[in-house]
**Q** 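Next up is a structure, given as structure tokens.
All values reported here derive from a predicted model rather than from experimental measurement. In what follows, chains carry the letters A, B, and so on, assigned in the order in which the sequence lines appear, proteins first and then strands, with residues in each chain numbered from 1. Any value given below was found using the heavy atoms of this structure, including those in side chains, with hydrogens, waters and symmetry copies removed.
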Amino acid sequence: MKFGIVVNEGPYTHQAADTAYQFTKAALEKGHEIVRVFFYHDGVNNGTRLTTPPQDERNIVKRWSELAQQHKLDLVVCVAAAQRRGIVDRDEAKRHGKDADNIAAGFRISGLGQLIEAGVLADRLVAFGD
Amino acid sequence: MKFGIVVNEGPYTHQAADTAYQFTKAALEKGHEIVRVFFYHDGVNNGTRLTTPPQDERNIVKRWSELAQQHKLDLVVCVAAAQRRGIVDRDEAKRHGKDADNIAAGFRISGLGQLIEAGVLADRLVAFGD
Amino acid sequence: MLLHTVNKSPFEKGSLDTCLRLAKQGSTILLIEDAVYAAMQGTVIESKISEAMKRYSVYALQSDLKARGLDEDRLLNGIKVVDYGGFVDLVAEHDTVQSWF
Amino acid sequence: MLLHTVNKSPFEKGSLDTCLRLAKQGSTILLIEDAVYAAMQGTVIESKISEAMKRYSVYALQSDLKARGLDEDRLLNGIKVVDYGGFVDLVAEHDTVQSWF
Amino acid sequence: MADETMEEGGNPTGVVKKFMYVNRRAPYGTVYPLEGLEVVLIGAAFEQDVSMAFVDDGVYQLKKGQDTAETGMKNFSPAYRALEMYDVEKLYAEKESLEARGLTQDDLLVSVEVLSTAELTELMEQQDVILNY
Amino acid sequence: MADETMEEGGNPTGVVKKFMYVNRRAPYGTVYPLEGLEVVLIGAAFEQDVSMAFVDDGVYQLKKGQDTAETGMKNFSPAYRALEMYDVEKLYAEKESLEARGLTQDDLLVSVEVLSTAELTELMEQQDVILNY
């Protein structure tokens with residue numbers, strides 16, 4: 001079955017970001033297809049490569065990047081939510097005159113249409129939030 | 001009177017970040033001293049220079065930077081909370097092998113001791129959160 | 001005395017209930033952000049708030065009332081309205097602030 | 001049928017109450033994250049949950065029970081426990097998911 | 001992956017699903033209602049069967065007379081009036097949520113269909129996708 | 001600004017204030033309890049008069065038997081047992097909060113003083129600084 005995943009909260013602050021990951025992993029293990037993971041609201045903060053969590057804690061960003069690489073996941077960060085919160089890739093940095101970017105490996109920035117499309121393409125859309 | 005301000009939530013997502021700013025501004029207008037503004041939990045996300053909010057919305061990060069410059073405010077981002085969330089200055093970037101930093105003008109990264117100290121030095125410590 | 005601030009809607013979260021349980025008689029409670037809805041007439045919690053106002057001084061932040069389209073003439077009798085400067089004054093007049101999130 | 005998920009503590013937020021008001025009789029409700037506290041015996045909301053279980057199938061996420069130190073032998077009778085894989089199965093078995101935050 | 005298919009709107013897939021946006025939060029305390037509205041407005045271009053339900057504190061999003069000037073925040077309430085232009089015409093509010101807050105249709109800045117809890121339950125059961133803001 | 005004065009702990013100011021940390025949230029659902037505990041442990045070095053109150057869902061932070069392995073999260077509950085080593089010895093739990101959740105002292109991983117609501121009210125009134133997690 002095709003699943004779409006929506007992540008509405010940032011890493012560490014709310015368990016939603018963890019539950020979304022565990023659910024996605026379990027769905028893949030059961031042989032389901034993940035058509036997209038869409039990061040919205042503070043969820044966009046899962047997509048920064050600048051985090052350095054304590055050694056004895058899980059690395060939430062890295063975990064998504066690795067899962068994306070293993071399973072060719074489409075991790076989409078909402079551009080409008082990302083602009084409010086300071087998540088940028090090289091193109092966004094150039095467009096807005098920023099001197100740095102911070103997006104993590106495996107994530108891409110795109111529009112809200114990608115959320116609607118995930119809802120259309122997936123058999124089930126599951127949202128994790130606060 | 002001496003006030004210490006604690007900001008526990010990031011920009012835009014919770015009004016706490018706005019109320020903290022409006023309160024700080026009003027306290028300064030009344031002639032009070034702000035001994036420190038301490039950013040904790042997701043509050044550290046107020047300190048990224050990579051945001052580009054829509055033209056018709058307030059620029060929360062820039063607003064803090066400007067208030068800090070006008071009034072020589074001490075804006076402190078908690079280092080432990082910042083590491084979990086990807087807010088880094090040049091030193092932190094070097095220490096953790098990051099290829100970019102994102103801290104905004106007027107903010108500095110320091111330890112939790114600065115929060116306790118604000119509580120000791122201020123006549124009133126006021127926290128804004130979710 | 002403590003100044004108590006509450007910033008959550010009384011219909012969504014228990015913050016105001018906990019504040020009303022733990023605030024000492026005679027205390028001041030300031031409603032800010034989504035908590036200002038508690039100050040309105042005609043809600044299911046009107047009698048609870050009116051009862052509480054016998055024990056506490058209750059303020060609401062003007063900017064948050066206006067933002068949410070809440071007219072001052074529909075506030076419960078006895079609710080005092082302050083602006084951000086008044087919020088600062090309340091903090092200065094009390095020894096310690098307890099923020100109920 | 002909808003699958004309803006709830007992730008907030010019933011003692012802190014009204015999410016579970018709204019779910020119980022709006023979920024159709026015969027629905028399945030999955031408690032995750034802080035909502036798993038609702039599944040325990042001996043709380044002030046025990047009778048409300050027991051009453052609701054006459055109308056709904058109620059599940060709780062095992063990993064969240066364990067994380068919070070909640071023993072399965074102190075769950076209300078009839079609560080079903082699933083792991084993340086079971087969560088996935090519940091989603092697959094229902095037409096649509098409604099997440100009550 | 002389907003980067004291009006729906007980026008611009010329209011509906012090349014030909015699939016029409018029932019999308020319901022459930023709005024359960026007060027405005028301004030959090031950004032969810034504003035960012036939720038952005039989803040609805042963008043989503044309107046994709047020719048799906050869209051409805052919005054206002055439940056719990058979500059009914060406050062529709063309160064007349066919002067004036068955010070003193071908070072420095074953006075007053076996004078006029079956008080609810082624009083929904084019709086985007087062909088988002090099915091707006092529902094739960095009667096119980098309105099009554100608990102002492103609100104009537106006269107307090108609201110757009111006209112909505114007021115539903116009983118049971119009616120809203122049935123409507124939710126018919127949806128293909130439900131998103132909460 | 002006083003960058004250096006208290007960065008390392010100790011108390012060069014000579015001022016001793018009453019700090020109360022009010023813990024009102026369940027563990028793991030949010031990071032506030034964990035990051036709150038970090039404040040308490042760091043703060044212990046600054047020789048202030050510290051107490052912790054567990055109220056509402058905060059009492060769940062002290063529940064015995066937490067095992068987070070399946071969630072992938074860090075089990076930080078052992079740190080409550082370490083508080084004593086940091087001279088954080090005044091731990092209070094509100095009786096009403098415990099009872100509402102069906103918990104007794106036997107369920108808790110550290111021993112706390114159980115206070116009535118009225119007693120906790122009085123204790124809060126004596127504080128100089130209150131922080132909530």
**Q** Between D:Gln41 and D:Leu75, what is the shortest heavy-atom contact and its length?
**A** NE2-O, 2.8 Å
**Q** If you count heavy atoms of other groups shown closer than 6.0 angstrom to NZ of D:Lys80, is the number above 12?
**A** yes
**Q** Among D:Glu33, D:Gln98, D:His94, D:Lys8, which residue has the highest count of heavy-atom pairs closer than 4.5 Å to chain A?
**A** D:Glu33
**Q** For a quick test of reading the model, state the closest non-hydrogen atom pair linking A:Lys30 to D:Val88 and the distance between them.
**A** CD-CG1, 4.3 Å
**Q** Side chain from CB out, backbone as N, CA, C, O: work out which of these in A:Asp18 comes under 4.5 Å of a heavy atom of chain D, or both, or neither.
**A** neither
**Q** Can you tell me which portion of A:Gln22 sits under 4.5 Å from chain D's heavy atoms? Options are side chain, backbone, both or neither.
**A** both
**Q** Identify which part of A:His32 has an atom lying under 4.5 Å from any heavy atom of chain D, answering side chain, backbone, both or neither.
**A** side chain
**Q** Can you check whether D:Phe87 and A:Phe23 have ring centres sitting under 6.0 Å from each other?
**A** yes
**Q** Who among D:Asp95, D:Thr5, D:Ile32 has the most heavy-atom pairs with chain A under 4.5 Å?
**A** D:Asp95
**Q** Counting heavy-atom pairs under 4.5 Å to chain A, which of D:Asp89, D:Val97, D:Thr96 comes out on top?
**A** D:Asp89
**Q** Examine whether an atom of D:Asp64 lies under 4.5 Å from a heavy atom of chain A, and if so say whether it belongs to the side chain, the backbone or both; otherwise answer neither.
**A** side chain
**Q** Please report the C-alpha distance between A:Trp64 and A:Phe107 in whole Å, then the side-chain angles of each, then the deciding distance to 0.1 Å, and finally whether the ring-ring contact (aromatic ring centres under 6.0 Å, His included) criterion is met.
**A** CA-CA 9 Å; A:Trp64 279 120; A:Phe107 290 82; 7.3 Å; no
**Q** Under a 4.5 Å cutoff for heavy-atom pairs, which residue among D:Ser15, D:Ala92, D:Ser99 has the most contacts with chain A?
**A** D:Ala92
**Q** What pair of heavy atoms forms the shortest contact from D:Trp100 to D:His4, and how long is it?
**A** NE1-ND1, 2.9 Å
**Q** Less than 4.5 Å to any heavy atom of chain A: does that hold for the side chain of D:Leu3, its backbone, both, or neither?
**A** neither
**Q** A:Phe3 versus chain D, heavy atoms under 4.5 Å apart: side chain, backbone, both or neither?
**A** side chain
**Q** Would you say the side chain of A:Ile109 lies within less than 4.5 Å of the side chain of A:Glu92, judging by non-hydrogen atoms?
**A** yes
